[in-house]
Amino acid sequence: MKRFENVSAVRVRLSSAVVSVVLMLGFAHLASAQSGPELSNAAATAIVRPLYDALTASSPEMIVRLLGQVTSEDWQNCAANDVCQSRADVIKRWTGRILIIPNLRWEMKEVLVSGSNVIVRGEDMGTPVAPFLGVQPNGRSFKVITIDIHEIKDGRIVHSYHVEDWASAIRQLSVP
């Protein structure tokens, strides 16, 4: 019976995630309709790629350089509608991540464009070497889906909204 409970929980979680993504895409489309002409997929990918390079950078200097190249000075990086960080705060957090997950990889799997919004479906993976998300390092790795919405203005990212499946990462790191 426990197996079916887990399957039901996964279905509910997956359904919730799909609804969330559909809503995010719908709101992104509504917002972009008021913000100007639509970017081409190639232009959108070229604009946002340095952000993903910064996520996996191996030095603080590289993070600063790449984020400075791709984001506006007042860029807001939001993990929730009302929980955002400035570029300086993101640089500090991502710099700390280098020591925790030195082999972090973040792959862009799909890029969609809606007006001046760029939606990226990605995959994040790595092996922590220090405590991460409350789990002690144990040699296990994680791989999770990510969904990001980036608002582009004048060729730079001005807002980013992102969702990562960190609960799945915790399970992958915790279960033998």
Side-chain angles (χ1 to χ4, degrees), residues 10 13-14 16-25 28-29 32 38-71 75-80 84-85 87 89-114 116-130 132-133 135 137-152 155-175:
V10 169
R13 192 173 61 244
L14 186 55
S16 296
V18 169
V19 168
S20 296
V21 169
V22 169
L23 288 173
M24 287 188 333
L25 292 174
H29 179 72
S32 69
E38 189 163 308
L39 296 165
S40 72
N41 193 278
T45 301
I47 289 170
V48 301
R49 182 168 304 282
L51 179 100
Y52 295 93
D53 293 341
L55 274 166
T56 59
S58 58
S59 74
E61 297 79 19
M62 185 180 279
I63 292 171
V64 169
R65 181 178 56 79
L66 290 166
L67 286 181
Q69 171 186 333
V70 70
T71 61
W75 172 57
Q76 293 288 296
N77 185 45
C78 307
C84 301
Q85 290 185 313
R87 185 189 329 177
D89 290 336
V90 170
I91 289 169
K92 183 177 178 181
R93 187 166 50 88
W94 289 4
T95 297
R97 188 266 322 139
I98 293 170
L99 299 174
I100 297 171
I101 313 169
N103 71 338
L104 182 70
R105 290 193 344 248
W106 210 293
E107 297 178 10
M108 294 190 323
K109 297 292 189 180
E110 181 177 22
V111 177
L112 303 170
V113 179
S114 179
S116 62
N117 288 311
V118 178
I119 300 95
V120 179
R121 178 179 56 84
E123 190 170 67
D124 175 21
M125 62 208 82
T127 307
V129 298
F132 179 63
L133 301 173
V135 179
N138 54 27
R140 293 186 190 103
S141 300
F142 66 88
K143 183 188 293 189
V144 298
I145 188 171
T146 67
I147 304 291
D148 306 319
I149 300 174
H150 305 289
E151 181 185 350
I152 310 299
R156 290 187 177 262
I157 302 172
V158 296
H159 266 100
S160 295
Y161 300 92
H162 54 93
V163 177
E164 298 87 12
D165 185 8
W166 293 125
S168 178
I170 292 170
R171 281 191 306 281
Q172 292 171 45
L173 294 171
S174 299
V175 177

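Ser114 places no side-chain N or O within 3.5 Å of a backbone atom of Asn117 that could act as its donor or acceptor partner. Here the side chain of Asp165 pairs no donor or acceptor atom with the backbone of Val144 at under 3.5 angstrom. Using modelled atom types, no side-chain atom of Arg171 and backbone atom of Val175 make a donor-acceptor pair closer than 3.5 Å.
Residues that satisfy the side chain to side chain contact (heavy atoms under 4.5 Å, CB included) test with Cys78, not counting sequence neighbours, are Gln76, Cys84, His159, Tyr161. With sequence neighbours left out, the side chain to side chain contact (heavy atoms under 4.5 Å, CB included) criterion links Pro102 to Val129. Considering only residues two or more places apart in sequence or on other chains, Arg105 meets the salt bridge (Lys or Arg N to Asp or Glu O under 4.0 Å) condition with Glu107. Evaluation of the side chain to side chain contact (heavy atoms under 4.5 Å, CB included) rule for Val90 yields Leu67, Trp75, Asn77, Gln85, Arg93, Trp94 as partners, not counting sequence neighbours.
Within the 4.5 Å cutoff, the side chain of Val111 has heavy atoms near those of the Val118 side chain.
Between the CZ atom in Arg140 and the OG atom in Ser174 there is a gap of 7.5 Å [rounded to 0.5 Å]. Taking CD1 of Ile149 as the reference point, atom NE2 of His162 lies at 11.5 Å (rounded to 0.5 Å). With rounding to the nearest 0.5 angstrom, the CD1 atom of Ile157 is 12.0 Å from the OG atom of Ser116. Once rounded to the nearest 0.5 Å, the distance linking CZ of Phe142 with CD1 of Ile101 reads 4.0 Å. Between the CG atom in Asn103 and the OG1 atom in Thr127 there is a gap of 4.5 Å [rounded to 0.5 Å]. Between Thr95 atom OG1 and Glu61 atom CD the span is 8.5 Å, to the nearest 0.5 Å.
Closest of all the heavy-atom pairs between Ile98 and Ala57 is CG1-O, 3.6 Å. Heavy atoms only, all atoms of each residue included: Pro128 and Pro137 are closest at O-CB, 3.6 Å.
Annotation: salt bridge (charged side-chain N to carboxylate O under 4.0 Å, His left out) contacts involving residues 118-129, sequence neighbours excluded, comprise Lys109-Glu123, Glu110-Arg121.
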Could you give the side-chain donor-acceptor pairs of residues 42-54 under 3.5 Å, partners two or more places apart or in another chain?
| residue | atom | partner | partner atom | Å |
| --- | --- | --- | --- | --- |
| Thr45 | OG1 | Asn41 | O | 2.9 |
| Tyr52 | OH | Asp148 | OD2 | 2.6 |
| Tyr52 | OH | His150 | NE2 | 2.8 |

CA sep, side-chain torsions, deciding dist, call: Val158, Ile152, side-chain contact (heavy atoms from CB on, under 4.5 Å) = CA-CA 6 Å; Val158 296; Ile152 310 299; over 6 Å; no
Stepwise side-chain hydrogen bond (donor to acceptor under 3.5 Å, both in side chains) check, Arg156 with Thr71 | CA-CA 5 Å; Arg156 290 187 177 262; Thr71 61; 5.6 Å; no
